[in-house]
Colleague: 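Just passing along the structure, written as C-alpha cells.
Proteins come first, then strands; the chains are lettered A, B, ... in the order of their sequence lines, and each starts at number 1. All values derive from a computational prediction rather than experimental measurement.
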Amino acid sequence: MSPSMSGLAVLVTMFALLAAGTPIAFTMGFVAVAALVLSEGWSAIGGVSETFFAGLANFGMVSIPMFILMGAAVASSPAGKDLYEALDRWLYRVPGGMVLSNIGACALFAALSGSSPATCAAIGKMGIPEMTKRGYPDSLAAGSIAAGGTLGILIPPSVTMIVYGIATETSIGRLFLAGLIPGLMLTALFMVWALFDCWRRGLGLSDVTRRYSLAERLEKLPRVLPFLIIVALILFVLYGGVATPSEAAGTGALICLVLVAVIYRMWKAGPMVAIFRDTIREAVMIMLILGAAELFAFALSSLFITQTVADGIASLEVNRWVLLIVINIFLLVAGFFLPPVAIILMTAPILMPILDSAGFDPYWFAVMLTINMEIGLITPPVGLNLYVINGIAPQISLRDILVGSMPFVGMMVLGMLLLAVFPQIALFLPELVMGPAI
Amino acid sequence: MTGMSAVLRILDGLARLSGILAMLLLASATVVVTQMVIWRYFLGASTVWQTEYVIFSTTAAMMLGAPYVLALKGHVGVDLLVERAGDGMRRVLALISGLASLFFVGALAWSGAHFLFEATMKGWTTDTIWALPLWIPFWPVPFAFALMGLQLVMQMVLAVFPELAATEGAS
Amino acid sequence: EVLKASHQFPGGKGDARDEMVQMIAKEVADAGVDLEIRVYPGESLYKAREQWSAVTSGQLDMTSFPLDYAAGRVPQFSVTLMPGLVRNHERAQRLNDSPFMEEIYRLIEESGALVLSDAWLAGGFVSKKNCITAPDSISGQVTRAAGPAFEQMLVGAGASIASMPSSEIYTGMQTGVLDAANTSSGSMVSYRLFEQAKCLTAPGENALWFMYEPVLISKKKFERLSEEQQQALRDAGQKAEDWFAEQAAGLDSKMIEEFEKAGVEIATMSPEDYDAWLAIAKETSYKTFAEEVDGGQQLIDQALAVE
Ligand code: NA
Ligand code: NA
C-alpha cells in the first residue's frame with residue numbers, strides 16, 4: 001500500500017473507533033499497533049512496549065503530572081474562593097463585576113495550574129453558583145468560566161507547552177514566557193467582552209445590596225497572599241537559577257501541598273488522598289494518550305506517511321499566510337475532536353519542518369497553537385472544559401454553555417489575529433528575559 | 001457470591017491497590033525532586049540518582065494509575081454517537097471499541113512481559129551512574145496493561161450481556 | 001528491498017553523522033544492487049536510546065549510534081565513552097585497528113549488529129566561570145557530564161554533578177542551574193552553548209572526551225542480503241568511514257570558529273593537565289569499570305596499550 005493510501009486507512013479507522021466511543025488513548029494505540037502489524041508482521045509487536053515506555057520516561061514528560069498535582073492541591077483548598085471574593089470586593093460596582101472577578105480568578109489560578117480543566121473546575125465550583133445566584137444568565141456564567149479556564153494552558157505553567165517543547169526540542173522556559181503576555185491579553189479581551197455584554201443587558205448593578213468600605217476591601221486581601229507567595233516562589237525557582245522547568249514542577253507541587261496543608265489546615269489524610277486521586281485521574285488520562293501518541297507517531301513515520309504528507313504540503317509552495325490559515329483551520333478542526341496533547345504530538349513532526357521552511361518562529365507558533373487548542377477545549381464534541389462545567393453545574397444545559405462560550409471563542413480568534421499581525425506580543429518577553437532565541 | 005461478581009471484586013481491588021501505589025510513588029517523586037533542588041542549590045552537592053528516580057517513579061505511577069482510572073471510566077473518549085444509539089447498537093459499539101482497546105492493551109501487555117523477561121534474564125540496567133536493574137522501573141508496564149486487559153474483557157461481557165450484571169445484583 | 005536507517009541527529013543540515021548515513025544510502029543506490037536505504041533523521045523513527053534494541057532485534061535495519069547508550073545492556077560499552085582513553089583524532093585512527101576494537105566489534109556482533117563505519121567524535125568542556133584545564137579548575141562547579149564514567153571522574157575532581165538531558169544544558173546554564181557542561185563538539189554548536197559559555201576547552205592534542213558513534217547494521221538483516229548487496233554496503237561503509245576520518249578534525253575547528261565568533265575564550269589541555277585528569281580517572285571511572293565489568297581491566301589495558 002502506498003503511504004497516502006495507508007494514511008487514509010489510518011484516518012478512517014481512527015474516526016470509526018472514536019465514533020464507537022473508544023477512549024482516545026486506546027484508539028490511537030490500536031491504529032498504531034495494527035498498522036505496524038499489517039506492514040511488518042506480528043514481530044513488530046515485540047518493540048511496542050519499549051517505544052511506549054521510552055516516550056513517557058523522560059524528565060520533560062514527568063513534569064506534566066507534577067504541574068497537575070500543583071493545580072490540584074490549590075484547587076482542593078478554599079484558596080480559589082478567597083481569591084475570588086477578594087477580587088469581587090473591588091469589582092462589585094462595575095457592570096458584570098462578578099464575571100470579571102471570575103475571569104481574573106481564572107487567570108491567577110492558571111499561573112499555578114498547567115491544565116485547563118483543572119482551572120475551570122477550581123474557579124467554577126463556587127464561581128458559577130455565585131453568578132447565577134446574583135442573576136447573571138446561565139450562559140454567561142458558564143461561558144465565562146469555560147473560557148477563563150482555557151487560560152490554564154496559555155498562562156504558564158502549561159502542560160501543552162511542555163509537550164510542544166518536547167516534541168519540537170524548544171526551550172520550555174522560553175515557551176512559558178512566550179505564553180504570559182498573550183495570556184494576559186486574552187484575559188483582558190475576555191473581560192472586555194463580559195463588560196460589554198453586561199452593560200448591554202444592564203446586568204450586574206441592580207444586585208448590589210451593600211457597599212464595601214475601603215477597610216472591608218483591604219481585609220480580604222491577605223487571603224490572596226498564599227496565592228501570590230506560591231506564584232512568586234515558583235517564578236523564583238523557575239527563572240532564578242534554582243531549577244529547570246521540569247524540576248520546578250516537582251518542587252512547585254510540594255510547595256503547594258505544604259502551603260495548602262499549613263494555611264488551610266488540610267494535613268489530614270482525607271483531603272490529601274483526594275488531591276492525589278484527582279491528580280492521578282487527570283494525569284494518567286493525559287499520559288496514556290501521550291504514550292499512545294508516541295506509538296502512533298512511530299507507526300506513521302515507519303509507514304512513511306508523515307514524510308509524504310509533509311513533502312506534499314511543502315511542495316505546494318503556497319504563500320506563508322495562506323499556509324498559516326490552512327494550518328490554523330486544520331488545527332481548529334482537529335481541536336473539535338481531540339485533546340491538545342494528542343494533537344501536538346501527532347502534528348508536530350509534520351508541521352515543524354513546514355513552519356520552519358516558511359520562516360515562522362517556533363515560540364510564536366506555540367502560542368498560536370495553544371490558543372487554537374483552547375478553542376478546542378470549549379467546542380463540541382470533545383471539549384474537556386465543557387464536560388467539567390457539565391460536571392460542576394449539571395443544572396445548566398450544554399446548549400447554554402455553548403451559547404455562552406461562543407463570544408469568547410470570537411475573542412480568542414481576535415487574539416490570534418492580533419498575534420499574527422504583532423508577533424512581538426508573544427516574543428517580546430522571552431527576548432527580554434532570555435535574550436534572542438536559539 | 002457467584003463467579004462473576006467475585007472476578008469483578010478482585011479486579012476492582014487490584015485496580016484500587018494499583019492506584020494507591022501510584023499515588024505513593026508520585027508523592028515520593030515530589031519529595032525527591034525537591035530534595036535534589038535543595039541539595040544542589042543550597043548545598044552545592046552532587047545530585048546523581050535523583051533525576052532517574054523521579055523519572056521512573058512518576059512513569060511507574062502513571063502506568064499503575066491506568067487500571068485505576070479505567071475502573072473509574074476516566075479515559076476520555078467521544079460519546080456523542082454512543083449516547084444517541086439504541087440498545088442493540090450500543091452493544092455492537094461497545095463490542096467494537098472493547099475489542100480494539102483489548103488488542104492494543106494486549107499487545108502492550110505481551111510486549112511488556114517479553115521485554116521484562118529479557119531485561120531480567122540478561123541483567124539489563126539503566127545506562128547511568130546509578131545502573132538500576134531495568135526490571136524495577138519496567139514491571140508496571142506489563143502488570144498494568146495485563147490488568148487493564150482483564151478489566152476490558154469484563155466490561156465487554158457486561159456491556160454485551162447487561163442481564164448478567166442485573167442477575168448478579170439480585171443474588 | 002528497502003532498509004530503514006535511523007539516527008538522532010538533525011537531517012540535511014550538515015551534521016557529519018547524518019552525512020555518513022546519507023552517503024552510504026547514496027553509494028548503495030548507485031551500486032545498483034536493488035537496495036534502497038530510507039533515512040529517518042532526528043529521532044523521527046526511534047528515540048536515540050531505543051535504537052540499540054531495535055537494530056539488534058532486527059526491527060530496525062541501520063543506525064548511527066553512540067555506543068555508550070547501550071551500556072545498560074552491554075556494560076563493556078562504557079569504555080567507548082571513557083575519559084582520556086582516546087586523546088586525539090590520530091590516535092583514534094590507530095585505535096580502530098587494535099585488539100581493543102576487535103573486542104568491541106565482537107561484543108557488538110554477539111548482540112546482533114555489525115559495524116559498517118567507525119567514527120570517533122571529540123568533545124570538550126564549557127564553563128560560565130573559567131577555563132576548565134587542570135582538574136582543580138572545575139572544583140565546586142555544577143556540571144552536566146555525558147555519561148556515568150565522566151560523572152565519576154568529575155566527582156573525583158570535586159565538581160557537583162547535575163544530570164539532565166543534553167537539550168536542557170542551554171537553559172541550565174542560562175538560568176544558572178549549571179556552571180559547566182561536558183559534551184560533544186557537535187552538541188556544543190547545535191545547542192548554541194557559545195551564547196552561555198565564558199570559556200571553551202577545545203579537544204586539541206589532549207582531549208579527555210571522545211565518543212564512539214559507529215554506523216551499525218542489523219546482523220539478521222545483513223545475512224539475509226545477497227553477496228553483492230553485502231559488498232555494496234561494506235564498500236559504502238568504508239567510504240563513509242574514510243570521509244569521516246578526514247572531516248573529524250574539521251568538526252572541532254568549526255566549533256572553535258563558532259565560539260570565537262561569539263567572543264568565547266578558547267583553551268586546550270596541556271599534557272600535564274591531561275595526565276592529572278588521567279590519574280583521577282584511574283582512581284575513579286577506570287577503577288569502577290574494572291571492578292564491575294567482565295573483562296573491564298583488559299579493555300582499558302588494551303586501549304591504553306595503543307601507541
Ligand atoms: Na497555567
Ligand atoms: Na473540542
Side-chain angles (χ1 to χ4, degrees), chain A residues 16-27 29-30 32-34 37 45-50 52-53 56-59 61-62 65-66 69 237 241-243 247-251 253-255 257 273 276-277 279-285 287-289 291-292 337 339 380-382 384 387, chain B residues 19 22-24 26-27 29-34 36-38 40-41 51 54-59 61-63 65-66 68-70 72 74-83 92-94 96-98 100-101 103-105 107-116 137-138 141-142 145 152:
Chain A
L17 285 178
L18 281 178
T22 320
I24 293 161
F26 297 160
T27 302
F30 171 85
V33 177
V37 168
I45 286 188
V48 295
S49 64
E50 204 187 347
F52 185 86
F53 185 73
L56 296 186
N58 69 66
F59 210 28
M61 284 288 183
V62 304
M66 302 288 190
L69 176 60
V237 170
V242 181
E247 294 164 355
T251 313
L254 194 65
I255 292 176
L257 280 173
V273 169
F276 276 93
R277 192 188 52 223
T279 306
I280 290 286
R281 206 183 156 124
E282 188 179 345
V284 164
M285 186 266 286
M287 295 294 269
L288 218 59
I289 292 175
F337 299 99
V382 180
L384 291 179
Y387 297 154
Chain B
M23 294 176 202
L24 290 173
L26 187 63
T30 64
V31 174
V32 170
V33 79
T34 310
M36 164 167 80
V37 169
I38 292 173
R40 199 180 55 216
Y41 186 74
T51 301
V54 171
I55 291 174
F56 289 136
S57 59
T58 311
T59 311
M62 294 301 107
M63 295 295 118
Y68 176 66
V69 174
L70 184 62
L72 297 174
H75 292 293
V76 60
V78 189
D79 293 334
L80 227 60
L81 195 67
V82 180
E83 273 167 15
V92 174
L93 292 180
I96 292 172
S97 86
S101 305
F103 176 76
F104 165 64
V105 166
L108 265 169
W110 189 86
S111 154
H114 181 76
F115 186 88
L116 181 66
F138 197 80
V141 177
F145 280 93
L152 284 168

Colleague: Measuring from B:Met63:CE to A:Leu288:CG, what's the distance to the nearest 0.5 Å?
Modeller: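 Here the rounded value is 6.5 Å.
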
Colleague: Give, as side chain, backbone, both or neither, the part of B:Pro142 having an atom under 4.5 angstrom from any heavy atom of chain A.
Modeller: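 The answer is neither part of B:Pro142.
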
Colleague: Can you tell me which portion of B:Leu70 sits under 4.5 Å from chain A's heavy atoms? Options are side chain, backbone, both or neither.
Modeller: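 Side chain of B:Leu70 only, per the 4.5 Å heavy-atom cut-off to chain A.
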
Colleague: If I measure from the heavy atoms of chain B, does A:Ala34 come under 4.5 Å with its side chain, its backbone, both, or neither?
Modeller: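 Both parts, backbone and side chain.
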
Colleague: A:Leu69 versus chain B, heavy atoms under 4.5 Å apart: side chain, backbone, both or neither?
Modeller: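 Side chain of A:Leu69 only, per the 4.5 Å heavy-atom cut-off to chain B.
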
Colleague: Considering only heavy atoms from C-beta outward, does the side chain of B:Ser97 approach that of A:Phe26 to under 4.5 Å?
Modeller: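 No, every pair of side-chain atoms sits at 4.5 Å or beyond.
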
Colleague: Considering only heavy atoms from C-beta outward, does the side chain of B:Thr58 approach that of A:Met287 to under 4.5 Å?
Modeller: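 Heavy-atom side-chain distance check fails, nothing below 4.5 Å.
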
Colleague: Nearest 0.5 Å, what's the OG1-CG distance between B:Thr51 and A:Asn58?
Modeller: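 Going from OG1 on B:Thr51 over to CG on A:Asn58, the span is 12.0 Å.
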
Colleague: Could you tell me which of B:Ala100, B:Ala107, B:Gly65 has the largest number of non-hydrogen atom pairs under 4.5 Å with chain A?
Modeller: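 The option with the most such pairs is B:Ala100.
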
Colleague: I'd like to know which of B:Val141, B:Val92, B:Leu24, B:Leu72 tops the heavy-atom pair count under 4.5 Å against chain A.
Modeller: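 Most heavy-atom pairs under 4.5 Å with chain A: B:Leu72.
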
Colleague: Between A:Val237, A:Val37, A:Val48, A:Val33, which shows the greatest number of heavy-atom pairs under 4.5 Å with chain B?
Modeller: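 Option with the top pair count is A:Val48.
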
Colleague: If you round to the nearest 0.5 Å, how far is CZ of B:Arg40 from CD of A:Glu247?
Modeller: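 A:Glu247 atom CD to B:Arg40 atom CZ measures 4.0 Å (nearest 0.5 Å).
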
Colleague: With rounding to the nearest 0.5 angstrom, report the CE to OG1 distance, B:Met36 to A:Thr251.
Modeller: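 Atom-to-atom, B:Met36:CE and A:Thr251:OG1 are 7.5 Å apart.
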
Colleague: Students often mix this up, so state it plainly: with edges at 30° and 60°, are the rings of B:Phe103 and A:Phe30 parallel, tilted or perpendicular?
Modeller: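 It falls in the perpendicular class, over 60°.
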
Colleague: Counting only heavy atoms closer than 4.5 Å, note whether A:Ala25 contacts chain B via side chain, backbone, both or neither.
Modeller: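 Contact with chain B: backbone only.
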
Colleague: I'd like to verify something: which residue of B:Tyr41, B:Phe56, B:Phe115, B:Tyr68 has the highest number of heavy-atom pairs under 4.5 Å with chain A?
Modeller: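 Option with the greatest count: B:Tyr41.
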
Colleague: At a heavy-atom separation under 4.5 Å, does B:Val32 approach chain A through its side chain, its backbone, both, or neither?
Modeller: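 For B:Val32, neither part sits under 4.5 Å from chain A.
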
Colleague: At a heavy-atom separation under 4.5 Å, does B:Ala27 approach chain A through its side chain, its backbone, both, or neither?
Modeller: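 Both parts, backbone and side chain.
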
Colleague: Taking atom CZ of A:Phe52 and atom CZ of B:Phe145, what is their separation to the nearest 0.5 Å?
Modeller: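 Separation between the atoms: 3.5 Å.
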
Colleague: Can you tell me how far the CE atom of A:Met61 sits from the OG1 atom of B:Thr59, to the nearest 0.5 Å?
Modeller: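 Between A:Met61 CE and B:Thr59 OG1, I get 10.0 Å after rounding to 0.5 Å.
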
Colleague: Non-hydrogen atoms of chain B under 4.5 Å away: do they reach the side chain of A:Thr27, the backbone, both or neither?
Modeller: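 For A:Thr27, no heavy atom lies under 4.5 Å from chain B.
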
